[in-house]
Amino acid sequence: MQNFQQNLAKLEAADTQVLGISMDSPFSNKAWAQQINVTFPLLSDWGGDVTKQYGLYSPKYKAARRVNYLIDKDGKVVEMQLDSDAIDPTKTVEACEARKLNR
Amino acid sequence: MNRLITTALVAGMLLPTLRAADKPAETPPPPAVKVGDIAPDFTLTDQNGNKVSLHDFKGKKNVALAFYIFAFTGG
C-alpha cells in the first residue's frame, strides 16, 4: 500500500480512486494506515465475502491474494496484476495516464 | 543389491505422484473476476468507519482496487 501512496498524486491526476482491500478488521487497518501514512480508504472485507466473490481467497494464507484491478468508469475491469506482479503499481499508473490521454 | 535397485525404482515411480499431489496447492485457481468483466459491486467499511461502495465512483473515476494479504505487511 505504501507503493500506491507514493503514486497517489499521479493516480488522482489521472482520475483514479485508489482503494485498498483486505480481510483485516477496520481497527487493524486504522492502526496500519496511521503507521504508514496511507490517506486513501483501506476497506475491511471482514469474513471475506468480497474476496471470495472475486475468487481471490487463499486457503494457504486464510486471506486474500495480492491482486491489483483497474476498473474503468463504466465499472469494467481493464487491467489485472496477480501476486508478485501486483506489488509495483507502475503498470496501474501508466494505464491510468494512458486512459486520461486517450479521452 | 537387488533390493536396492527395487527401492530406487519404487521411489522413482512414486516421486512424480507425490509431486502431482502437491501441485494444486502451489498454483491457486485463476481469479473469478478477470479483464473484461464487470467488477462486482460491494459496500465495505474503511479505516475511519466510512462506508465505501464501488458504485460511488461509477461514471466519475477509474478505481484502482488493490487486494492485499494482511495489514502490517509490505507492498
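Sequence lines set the chain letters: A, B, ... in the order given, protein chains first and strands last, and positions in each chain run from 1.
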Exercise. Hey, mind stepping through A/Arg99 and B/Asn62 against side chain to side chain contact (heavy atoms under 4.5 Å, CB included) and telling me if it holds?
Worked result: CA-CA 9 Å; A/Arg99 298 184 75 75; B/Asn62 308 307; 4.0 Å; yes
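For the pair B/Val52 and A/Pro41, the tightest heavy-atom approach, listed with the atom from each and the gap, is CG2-CB, 4.4 Å. Across A/Lys30 and B/Asn48, no two heavy atoms sit closer than the pair CE-OD1, 4.5 Å. Taking both residues in full, the closest heavy atoms of B/Asp41 and A/Gln53 are given as O-OE1, 4.2 Å, listed atom of the first, atom of the second, then distance. The minimum heavy-atom distance between A/Met80 and B/Val33, with the atom names listed, is SD-O, 3.6 Å. Closest heavy-atom contact between A/Ser44 and B/Leu44: O-CD2, 3.5 Å. Nearest heavy atom pair, residue B/Ala64 against residue A/Phe4, reads CB-CE2, 4.2 Å.
Highest contact tally toward chain B, considering only A/Pro26, A/Ala63, A/Gly75, A/Cys96, is held by A/Gly75 [criterion: heavy-atom pairs under 4.5 Å]. Of the listed residues (A/Val77, A/Leu82, A/Ile21), the one with the most heavy-atom contacts under 4.5 Å to chain B is A/Ile21. Contact count versus chain B (heavy atoms, under 4.5 Å) is highest, among A/Glu79, A/Lys76, A/Glu12, for A/Lys76. Looking only at heavy-atom pairs under 4.5 Å with chain B, the residue among A/Asp45, A/Thr51, A/Leu42, A/Ile36 that has the most is A/Leu42. Your options are A/Asp83, A/Asn29, A/Leu43, and the one with the most heavy-atom pairs under 4.5 Å with chain B is A/Leu43.
The backbone N or O of B/Ala71 sits less than 3.5 Å from a side-chain atom of A/Asp24, completing a donor-acceptor pair. The backbone N or O of A/Phe40 sits less than 3.5 Å from a side-chain atom of B/Gln47, completing a donor-acceptor pair.
Heavy atoms closer than 4.5 Å to chain A are found in both the backbone and the side chain of B/Lys58. Only the backbone of A/Val78 comes within less than 4.5 Å of a heavy atom of chain B; no side-chain atom from C-beta onward does. Looking at A/Ala64, both its backbone and its side chain come within 4.5 Å of chain B, counting heavy atoms on both sides. Contact of B/Ile38 with chain A is made through backbone and side chain together, with heavy-atom distances under 4.5 Å. Of the atoms belonging to A/Ala14, it is backbone heavy atoms, and not side-chain ones, that fall under 4.5 Å from chain B.
A 4.5 Å side-chain heavy-atom check between B/Phe72 and A/Gln35 finds at least one atom pair inside the cut-off. Looking at heavy atoms from C-beta onward, B/Pro40 lies in side-chain contact with A/Tyr54 at the 4.5 angstrom threshold.
Every residue meeting the ring-ring contact (aromatic ring centres under 6.0 Å, His included) condition with B/Tyr68, not counting sequence neighbours, appears here in chain and number order: A/Trp32.
Ring orientation note: the planes of A/Tyr69 and B/Phe67 are nearly perpendicular, at an angle over 60° on the 30°/60° scale.
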